[in-house]
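Have a look at the structure below before the remarks.
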Amino acid sequence: MSEMEYTYAVARIRALEVSLFSRSTIDALMACGTLEAALNLLVEKGWGGVDVPEETDAILAAERSKIWATIRELGVPMDTFDVLSYPNIFHNLKTAVKEVYLDVKRDELYYENTVPSREELRDIVSKKEFSRLPESMEAAAREAYETIHHTGDGQLCDVIIDAACLRAIDAAGRASGEEIIRRYAETVVAVADMKIAVRCEKTGKSADFMKRALAPCAGLDTDRLAKAALAGFDEVCGYLASCGYGAAANALRESPSAFERWCDNYLIDMIRPQKYNAFSVGPLVAYVLARENEIKTVGIILSGKANGLPDDSIRERIREMYV
């Protein structure tokens, strides 16, 4: 697209950013005494739709669909955003592999509006026609399928496909001519590697397990990260601090939920400068990520209220907003 075409698309996004939830809106949602009151507030804000039930899952799903409907309306080449959908696509692949292994169907576990679709993935996996998959998925799908059928190890199946997803994101970032896509890929892979190392340290995973799970990324030496995880929690924190992720280490020492919050906030901090860019795809990518973050945060609040969690416990998990 030309700069002029991007200028139009960005102007449209700027108008839509006004309706993004600010911290004050999140505080108002938190102030609702019941789940029902929170859902009513969301409907008043335009969430859901005429034919959408006032239920958490239905409203959140409707809002996710609205993101991509908006982007399509702008006439932007959709392949620009392919890398943003990789986590959902590879998640769906994991679901299809496990469905075939267990001989069950769980439609509710799939993300919608992905390519390949749910039915395509089921057909590919059931027929073992893995060559029909995108190149970034083919080998991992075949290995995960064989692994779960020979060992019954669902966790190892997940590790194989999750690692392939991270490698695909990294490759897409390196190949993209858009700085925002490159930065997004670097951030997502680095954060994922940190989370993997933390989980492996807590559960006592082996070096071989971590070697399969971690993906190469800029800014982190995965060999050193794995060695730190083998050595213990303090070593993980020390390594992260030594390579510029001191804030992540501090969040880890605070609590697991504080670390999860830091991971999401780190991505929002990365995209926030796109507010001042008017001539590229950057603001459009930032809007998609901001909306996904907004929906995730609302989901955390609604889940907390549905389960009767104390407000302080919910607030600890609330993410920063883009606006």
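This is a predicted model, so every value here is computed, not measured.
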Applying salt bridge (charged side-chain N to carboxylate O under 4.0 Å, His left out), can you list everything that pairs with Asp162, at least two apart in sequence or on another chain? Lys94
Is Ile71 reachable from Ile181 through a run of hydrophobic residues whose side-chain heavy atoms are each under 4.5 Å from the next? yes
Partners of Glu119 by salt bridge (charged side-chain N to carboxylate O under 4.0 Å, His left out), sequence neighbours excluded? Arg122
For Arg132 and Ile124, the nearest pair of non-hydrogen atoms, with its separation, is CZ-CG1, 3.5 Å
Less than 4.5 Å apart, side chain to side chain, heavy atoms only: is that true for Asp264 and Asn293? yes
Throw together a table of side-chain donor-acceptor distances under 3.5 angstrom for residues 244-256, partners on residues two or more places apart or in other chains.
from: Asn250; atom 1: ND2; to: Gly246; atom 2: O; distance (Å): 3.4
from: Ser255; atom 1: OG; to: Ser257; atom 2: OG; distance (Å): 3.3
from: Ser255; atom 1: OG; to: Ala258; atom 2: N; distance (Å): 3.0
from: Ser255; atom 1: OG; to: Glu316; atom 2: OE2; distance (Å): 2.9

Around atom CD of Glu108, are there more than 12 heavy atoms from other residues, nucleotides or ligands closer than 6.0 Å? yes
Is the number of heavy atoms from other residues, nucleotides or ligands within 6.0 Å of NZ (Lys66) greater than 12? yes
All heavy atoms of Ser22 vs all of Ser24, minimum pair found to be OG-OG, 2.8 Å
Look at Glu138 together with Arg142 and state whether they make a salt bridge at an N to O cut-off of under 4.0 Å. yes
Take atom CZ in Arg106; do more than 12 heavy atoms of anything else shown fall under 6.0 Å from it? no
Can you confirm whether Arg272 is buried at CZ, in the sense that more than 12 heavy atoms of other residues, nucleotides or ligands lie under 6.0 Å from that atom? yes
Side-chain (Glu235) to main-chain (Ala229) donor-acceptor, under 3.5 angstrom: no
Hey, does the side chain of Lys128 reach the backbone of Tyr145 with a donor-acceptor pair shorter than 3.5 angstrom? no
Taking atom CG of Asp107 as the centre, report whether more than 12 heavy atoms of other residues, nucleotides or ligands fall under 6.0 Å from it. yes
Would you please test Lys195 and Glu260 for salt bridge (Lys or Arg N to Asp or Glu O under 4.0 Å) and show each step? CA-CA 8 Å; Lys195 289 181 177 180; Glu260 290 290 330; 3.4 Å; yes
Atom pair CZ (Arg261) and SG (Cys263), whose distance is rounded to the nearest 0.5 Å: 11.0 Å
Contacts table for residues 78-91: side-chain donor-acceptor under 3.5 angstrom, sequence neighbours left out:
from: Thr80; atom 1: OG1; to: Pro77; atom 2: O; distance (Å): 3.0
from: Ser85; atom 1: OG; to: Asp82; atom 2: O; distance (Å): 2.7
from: His91; atom 1: NE2; to: Leu109; atom 2: O; distance (Å): 2.7

Which heavy atom of Val100 sits nearest a heavy atom of Ser126, and at what distance? CG2-N, 3.9 Å
For the hydrophobic clusters of this structure (ILVMFWY residues joined by side-chain heavy atoms under 4.5 Å, transitively), does one cluster hold both Ile196 and Val159? no
Expected list for residues 209-223: side-chain donor-acceptor pairs under 3.5 angstrom, two or more places apart:
from: Arg212; atom 1: NH2; to: Glu143; atom 2: OE2; distance (Å): 2.2
from: Asp221; atom 1: OD1; to: Asp223; atom 2: N; distance (Å): 3.0
from: Asp221; atom 1: OD1; to: Arg224; atom 2: N; distance (Å): 3.2

Any link between Leu156 and Phe130 through a network of hydrophobic side chains (Ile, Leu, Val, Met, Phe, Trp, Tyr) touching at under 4.5 Å? no
Are more than 12 heavy atoms, taken from residues, nucleotides or ligands other than Lys105, located less than 6.0 Å from that residue's NZ atom? no
Can a salt bridge be assigned to the pair Asp311 and Arg315 using a cut-off of 4.0 Å between side-chain N and carboxylate O? no
Would a distance-only check, ignoring hydrogens and angles, find a side-chain to backbone donor-acceptor pair under 3.5 Å from Ser303 to Ile300? no
Salt bridge check, Glu292 against Lys296: does any charged N sit closer than 4.0 Å to a carboxylate O? no
At what distance, to the nearest 0.5 angstrom, does CG of Leu230 lie from CD of Glu201? 9.5 Å
For Ile26, the option from Arg319, Glu320, Met321 that meets side chain to side chain contact (heavy atoms under 4.5 Å, CB included): Met321
Value for CD1 (Ile301) from CG (Leu35), rounded to nearest 0.5 Å, stands at 11.5 Å
Taking the side chain as every heavy atom from C-beta outward, state whether Glu99 and Arg118 have any pair of such atoms under 4.5 Å apart. no
Only counting residues at least two apart or in another chain, list the ones meeting side-chain contact (heavy atoms from CB on, under 4.5 Å) with Asp57. none
Is Ile295 reachable from Ile318 through a run of I, L, V, M, F, W or Y residues, each pair having side-chain heavy atoms under 4.5 Å apart? yes
Using a cut-off of 6.0 Å, state whether more than 12 heavy atoms not belonging to Asn307 lie near its atom CG. yes
A cation-pi test, strictly: NZ or CZ of Lys275 under 6.0 Å from the centre of the six-membered ring of Tyr322 and no more than 45 degrees from its axis. Yes or no? yes
If hydrophobic clusters are built from ILVMFWY residues whose side chains come within less than 4.5 Å, do Tyr111 and Trp68 share one? no
Kindly give the heavy-atom pair with the smallest separation between Val10 and Ser280, and that separation in Å. CG2-O, 3.6 Å
